[in-house]
Protein chains: 2
Amino acid sequence: MRTLIVGATGGIGAAAARAFAAQSGPLWLSARHRERLETLAAELGAEARPADLGYESHVSALLEGLTELDTVVYAAGAALPSPLAEADPARVRAVWNANYFGALWLLKHGLGRLAPGGRMYLLGARPELVTVRGFSQYAASKAALARAAEVARLEARGVGITLVLPPAVDTELWAQVGRVPRGALAPGVVAQALLEDRSGPGQTELRIGA
Amino acid sequence: MRTLIVGATGGIGAAAARAFAAQSGPLWLSARHRERLETLAAELGAEARPADLGYESHVSALLEGLTELDTVVYAAGAALPSPLAEADPARVRAVWNANYFGALWLLKHGLGRLAPGGRMYLLGARPELVTVRGFSQYAASKAALARAAEVARLEARGVGITLVLPPAVDTELWAQVGRVPRGALAPGVVAQALLEDRSGPGQTELRIGA
């Protein structure tokens, strides 16, 4: 299995990296924080490909030479909550680059690098959990991602695109919010669900947990 | 009635400008194309406020001195369709600035300038009509707008936010696509629906046509 994990140093990304590293086949990991990425890649025997997902050029560069990928996981994400009245352009951009535009460039440059039957997993969010005060950019960017995935499915041939819809997951994203929600899943549970989905026919929407 | 129309030189925006100009009270019009904007404003006895909606500073500048607004209409929009595999960053940015980020800055800076009971209208799109090949960025940005409007409603106090959901409308947007869809509404029908909605209690979602 040839696997690429983007956003590999985050909670879900790192858990997915560990889960897929336990399979046979080469593993590529990408993230913005070079040091954390290289430490993780070394630990898992994977290749590190640092990239800032806000730049199309970074995303196309991280894919260089990668062909016939079986699985791509896009697990980058940022919440940076704030009321609309205080929306800060730099934070807005950070949320959108992580949650949407990085995935857009990965769809553009990555879908054609999947092997026939290959599958891309995009980490979405459940509307009912994120349509709350302060989360306008998080909720909007995840809604955009879901819609782009729908159109991508209409345009792509011979490959699958899965929108992953976990409940709250215990990751660093909540450090931006101040507290982890009660009952948040361990990232490993999400990673395991990805692996299980990938071993079957693959679903269009992968709902995890309750 | 104190009214501001943003994206006022487009098909729906210009029709809304004409419709609201027929009411009493001052009218402000904003758009990027200064010449067309000034011609329209002169014709309608309105004040022209040119702005490029991709820049937060332009949006906050266009609102300078405007207070106690009764009605704000955000009618800017761009489709620029393209397959994801050929997504061009400049066109992607143009679509997102017109359909989403301009509205975001208007929500940030404009909601507080509405009079109590004031209302902001945001031009959305029906998911079932726009989730089609080539329209990934249009569909995604309109999905994002709808979600941001939902969160804005939770955050705003004493003002209304209406997501307008017309069917296809006969505007220049279709020039980007190549043809106007059969049965497309005249922009004046949308403008009339806005005016009617504004004369009543105002709806959260304003579905127009079939």
Inset, instruction - Measure across Pro89(A) and Glu56(B) and return the closest heavy-atom pair with its distance rounded to 0.1 Å. - result: CG-OE1, 2.8 Å
Inset, instruction - Counting only heavy atoms closer than 4.5 Å, note whether Ser82(B) contacts chain A via side chain, backbone, both or neither. - result: backbone
Inset, instruction - Could you tell me whether a side-chain N or O of Lys108(A) sits under 3.5 Å from a main-chain N or O of Ala87(B), the two making a donor and an acceptor? - result: yes
Legend entry - Within 6.0 angstrom of Glu172(A) CD, more than 12 heavy atoms from elsewhere: no
Legend entry - Minimal non-hydrogen separation, Ser136(A) against Tyr100(B), with atom names: O-OH, 4.5 Å
Inset, instruction - Could you check which of Gly134(A), Ala146(A), Gly112(A), Ala149(A) has the highest count of heavy-atom pairs closer than 4.5 Å to chain B? - result: Gly134(A)
Legend entry - Option that, when pairs with chain A are counted at under 4.5 Å, heavy atom only, ranks first among Ser141(B), Ala143(B), Gly110(B): Ala143(B)
Legend entry - Part of Leu111(B) lying under 4.5 Å from any heavy atom of chain A: neither
Inset, instruction - Please say whether more than 12 non-hydrogen atoms of neighbouring residues, nucleotides or ligands are located less than 6.0 Å from CZ in Arg153(B). - result: yes
Inset, instruction - Could you check if a side-chain atom of Leu84(B) sits within less than 4.5 angstrom of a side-chain atom of Trp105(A), using non-hydrogen atoms only? - result: no
Inset, instruction - Drop me the distance from Trp96(A)'s CH2 to Trp96(B)'s CH2, to the nearest 0.5 angstrom. - result: 3.5 Å
Inset, instruction - Evaluate whether atom CD of Glu128(B) has more than 12 neighbouring non-hydrogen atoms of other residues, nucleotides or ligands under 6.0 angstrom away. - result: yes
Inset, instruction - Against chain A, work out which of Gln137(B), Glu150(B), His109(B), Glu86(B) has the most heavy-atom pairs shorter than 4.5 Å and name it. - result: Gln137(B)
Inset, instruction - Rounded to the nearest 0.5 Å, what's the gap from CZ on Phe135(A) to CG on Leu154(B)? Could you check? - result: 12.5 Å
Legend entry - Beyond-backbone contact of Thr131(A) with Val151(B), side-chain heavy atoms, under 4.5 angstrom: yes
